[in-house]
Colleague: 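Handing you this structure, nothing more for now.
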Number of protein chains: 2
Amino acid sequence: MKATPVRLKVLEVLSATHLALSPSELEASFSKVDRITLYRTLKDFEEAGMIHKIIDTDGVTRFAFCNDDCPDATHTEDHVHFNCKKCHKMFCLAHVQTPSLQLPDGFSSTGINTVVHGVCKHCA
Amino acid sequence: MKATPVRLKVLEVLSATHLALSPSELEASFSKVDRITLYRTLKDFEEAGMIHKIIDTDGVTRFAFCNDDCPDATHTEDHVHFNCKKCHKMFCLAHVQTPSLQLPDGFSSTGINTVVHGVCKHCA
DNA sequence: ATAATAAACGCAACATTGTTGCATTTGAAT
DNA sequence: ATTCAAATGCAACAATGTTGCGTTTATTAT
């Protein structure tokens, strides 16, 4: 994987925030980048385990960089996400672990996606 | 709200399964129905509290009828959903309650969306 | 430093999902 | 049967995401 300007910019923006950003938000933050290239960059980063993808309460796809306070170096997304209903931002709550739960017989889990919906610290 | 053929069909299909179905799956199951009408029907049902909407692991919007084993008559979606990575079906686990969790200071929750990813009973 | 090459980019074109406006049809109540 | 609001279906549009392909660029070896 080559160190190109587009990739460096995306990494820079994502690593500087604890928010999960959508492709269009990212596109808007540096308007020089082609939409398709951005999609491919995000896909590459995700496959490389550098960022993770989550879908917010409204069905919007978002990507987040796991900072070093991420409990799991493999970025398996075992933390909780918080979706604010006012500002619509999505926070990675890196320290809130996904609770375990009891599944019915025959069902086996490989991951749990927990998205909390509510009002964030800044909108309260 | 009028009892029209389209609405009756949608209710019939959704009430006969414990799966959450996407608009296109519903459209395919009775090919006479206009896509737009279906979207509006689902929206109306959702606003009336008869069905609930959930986004699956792949970002696909799905709708499910809460059967009488649904723990909450207000359909507030306080149960867990299971998304099979093989058949891609989404099950309403009506008896598995959403676990509560501890949020950071300042964040308040109005709902938690839990989607378990894994292999279902039939694909195991 | 330069040339070679595989990777990344950007454009066109397309597919899917979802929404809105508007004219027409239809369910239900009189 | 008549009426009228509600529901439908069509056209048109917007947003999101993907693929093919020719061009550019970052790295690697010369």
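These values consider heavy atoms only, across backbone and side chains, with no hydrogens, waters or symmetry-generated copies. Lettering follows sequence order; numbering is per chain, from 1.
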Colleague: Using the ring centroid of each side chain, check whether A:F91 and B:F107 are separated by less than 6.0 Å.
Modeller: yes
Colleague: Rounded to whole Å, please give me the gap between NZ in B:K53 and P in C:dT19.
Modeller: 7 Å
Colleague: Check B:M50 against B:L11 and note the closest heavy-atom contact, atom names and distance.
Modeller: CE-CD1, 3.7 Å
Colleague: Pull out every protein N or O sitting under 3.5 Å from an N or O of nucleotides 9-13 of chain D, one pair per line with the distance.
Modeller:
from	atom 1	to	atom 2	distance (Å)
D:dG9	OP2	B:T37	OG1	3.1
D:dG9	N7	B:R40	NH2	3.0
D:dG9	O6	B:R40	NH2	2.6

Colleague: Is the shortest heavy-atom distance from the side chain of B:I55 to the side chain of B:V115 under 4.5 Å?
Modeller: no
Colleague: Just the rounded figure in Å: distance from C1' of C:dC9 to CG of A:L8.
Modeller: 15 Å
Colleague: Take atom CG of B:D44 and atom C1' of C:dT20, then tell me their distance rounded to the nearest Å.
Modeller: 15 Å
Colleague: In whole angstrom, give the distance that lies between atom CG of B:L42 and atom C1' of D:dT8.
Modeller: 15 Å
Colleague: Any side-chain to backbone donor/acceptor pair from A:N83 onto A:K89? Under 3.5 Å, distance only.
Modeller: yes
Colleague: Check the distance between C:dA7's P and A:K43's NZ and give it to me in whole angstrom.
Modeller: 15 Å
Colleague: Can you check whether B:D105 reaches A:K121 side chain to side chain, under 4.5 Å on heavy atoms?
Modeller: no
Colleague: Evaluate the side-chain proximity of B:C120 to B:K86: yes if any heavy-atom separation is below 4.5 Å, no if none is.
Modeller: no
Colleague: Any side-chain heavy-atom pair from A:Q102 and B:V96 closer than 4.5 angstrom?
Modeller: no
Colleague: With a cut-off of less than 4.0 Å, is there a side-chain N or O of B:T61 near OP1 or OP2 of C:dG18?
Modeller: yes
Colleague: Could you work out how much the helix from C:dA1-D:dT30 to C:dT30-D:dA1 bends, comparing the axis of its first five pairs with that of its last five, to 10°?
Modeller: 30°
Colleague: Whole-Å distance between C:dA8 P and A:Y39 OH?
Modeller: 20 Å
Colleague: Would you mind reporting whether B:K9 and B:L26 have side-chain heavy atoms less than 4.5 Å apart?
Modeller: no
Colleague: Is it true that a side-chain atom of A:T17 and a backbone atom of A:L14 form a donor plus acceptor pair closer than 3.5 Å?
Modeller: no
Colleague: For nucleotides 25-30 of chain D, list the nitrogen or oxygen atoms of the protein found under 3.5 Å from its nitrogen or oxygen atoms, one pair per line.
Modeller:
from	atom 1	to	atom 2	distance (Å)
D:dT25	O2	A:K2	NZ	3.4
D:dT27	OP1	A:A3	N	3.2

Colleague: Rounded to whole angstrom units, what separation is found between the CD atom of B:E47 and the P atom of D:dA6?
Modeller: 14 Å
Colleague: Rounded to the nearest Å, what distance is computed from the CD atom of residue B:E25 to the P atom of nucleotide C:dT16?
Modeller: 14 Å
Colleague: Is any side-chain heavy atom of A:S22 closer than 4.5 Å to one of A:T61?
Modeller: no
Colleague: For this output row, return yes or no: ring centroids of A:H81 and A:H52 closer than 6.0 angstrom.
Modeller: yes
Colleague: Out of D:dG17, C:dG18, D:dT8, which nucleotide sits closest to the side chain of B:R7?
Modeller: D:dT8
Colleague: Any side-chain N or O of B:S24 below 4.0 angstrom from OP1/OP2 of C:dT17?
Modeller: yes
